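Input: a single structure, listed below in structure tokens.
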Amino acid sequence: MIFMSTLACNTKSREHFVPLAIQESVSLRQAYSKWFDIGTAIPLMTNLSERERDLLFNQFGVVTPENFMKPGVLQPETGHFAFNEADSSVNLALEHGLKVNGHTLVWYRQNHDWIEMSCDSPDAQAIIRERIRQHVSKVVKHFAGRIGSWDVWNEAISDSRNEYFRPSKCSEEFTQDLIYEAFAAAHEADPAALLLYNDFGIEYPTKREKALRLIQYLKARGIPVGIGIQAHYTLDNVPFNFLKDTLVAFDRIGVKVAISELDIDVVKTPKESCTNKMMMGDPYPNELPADVDNRLADQYKSLFSLFIDHSSTLSRVSFWALHDGRSWLNHQPCERTNHPMLWDRQLQPKQALKAVIEVAIAKDSASGH
Ligand code: XIL
């Protein structure tokens, strides 16, 4: 795909330095290779068309399974594990030189009864403790050597000011202990893997403080822990400054950050405007109007400019879909046509992709290469 002829520096290989000024084309992955990995979420490889696979293999360096490694998929019944489909997709990604970020070992959603929290008695506590340990251990061991980083626990922290964790039947102390045990089991199963706590909203001070507290607790106990900031944003409402403060805060405690599920919702859809899973009206059923498309491009551009400025803290920036047609935002909170990604439904590059590549070129030349 030809975008620019001016990218100043080929960063893939320092030894074979080719000024990008004379390079004909550059992929998203290449454009950012000197700063951080670029990833995306994928459904099963077998569900991708050939053109989608080409897009994936040419433009991205890391994949996160969108749904196929969630707890209820890998352990559909208590004690029964189903690895075949995940194995094929992971192996295919690896064969094409992509890294895999496992998602997610523990979550309060998309699980199966085995994970339901019942903390009523010491026996119930012992059962949940053992089941989490067993799931994490079995899954991480199975993929050890193939999966380099794991979202170990997804979305434990509460959004409300007064609680540490989202409400459950377990005490805060027990929950924190359980989270530690999940990380410890993952670390034991694959000592080389980077282990992430993954959540949304940790840009904002209240939740950020709690995430820092949890990460420091895990770090102090010897876990190689990083943080995943999901980064599901809404057009005209991207929290640039809060995000910046969060990157600085994690940098201060020496913890790497992955931007783990980036997208920008362009259809403002308060849950109340959904009836029977349908939205009242679908503002952009076909193309995105030029002014909205430009705002999307500008906001992606500012985000990537910020990411480059804080690249020493960032290990990865992953999008949460390959292209507009694959985004979960077409279906949640209800059905409508969304346009949150860098490629449209026809797999054509959008202004946003151009903008994101341009900012890499500009920053690269400014840094003197
Ligand atoms: C979403 C998937 O994209 C959907 O297909 C599925 O129906 C629900 O889960 N935060 C996460 C992801 O950590 O696992 C979620 O993925 C999106 C929000």
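Numbering of ligands and ligand atoms starts at 1, following listing order. Fair warning: this is a prediction, and the values are worked out from it, not measured in the lab.
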Determine which pairs satisfy side chain to side chain donor-acceptor pair (under 3.5 Å) with at least one residue from residues 176-186, sequence neighbours left out, and list them in order.
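Listed once each, the pairs are Arg129-Asp177, Arg129-Glu181, Tyr164-Gln176.
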Do [X] and [Y] share a hydrophobic cluster, counting only Ile, Leu, Val, Met, Phe, Trp and Tyr and linking them when any side-chain heavy atoms are less than 4.5 Å apart?
X	Y	value
Val62	Met69	no
Val238	Phe242	no
Ile147	Leu196	no

Is it true that Asp159 and Lys207 make a salt bridge, defined as a side-chain N closer than 4.0 Å to a carboxylate O?
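The answer is yes: the pair qualifies as a salt bridge.
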Is Glu203 salt-bridged to Lys244, going by a charged N under 4.0 Å from an acidic O?
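Looking at Lys244 together with Glu203, the answer is no, because their closest N to O distance does not fall below 4.0 Å.
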Would you tabulate the polar-atom pairs, meaning N/O of ligand 1 against N/O of the protein, with distances under 3.5 Å, reported to 0.1 Å?
from     : atom 1 : to     : atom 2 : distance (Å)
ligand 1 : 3 (O)  : Glu66  : OE2    : 2.5
ligand 1 : 3 (O)  : Trp320 : NE1    : 3.0
ligand 1 : 5 (O)  : Glu66  : OE2    : 3.3
ligand 1 : 5 (O)  : Asn67  : ND2    : 2.9
ligand 1 : 7 (O)  : Gln332 : NE2    : 3.2
ligand 1 : 9 (O)  : Lys70  : NZ     : 3.1
ligand 1 : 9 (O)  : Gln110 : OE1    : 3.2
ligand 1 : 10 (N) : Glu155 : OE2    : 3.4
ligand 1 : 10 (N) : Gln230 : OE1    : 3.4
ligand 1 : 10 (N) : Glu261 : OE1    : 3.0
ligand 1 : 13 (O) : His103 : NE2    : 3.4
ligand 1 : 13 (O) : Asn154 : ND2    : 2.9
ligand 1 : 13 (O) : Gln230 : NE2    : 3.4
ligand 1 : 13 (O) : Glu261 : OE1    : 3.3
ligand 1 : 13 (O) : Glu261 : OE2    : 2.8
ligand 1 : 14 (O) : Lys70  : NZ     : 2.7
ligand 1 : 14 (O) : His103 : NE2    : 2.7
ligand 1 : 16 (O) : Lys70  : NZ     : 3.2
ligand 1 : 16 (O) : Trp320 : NE1    : 3.3

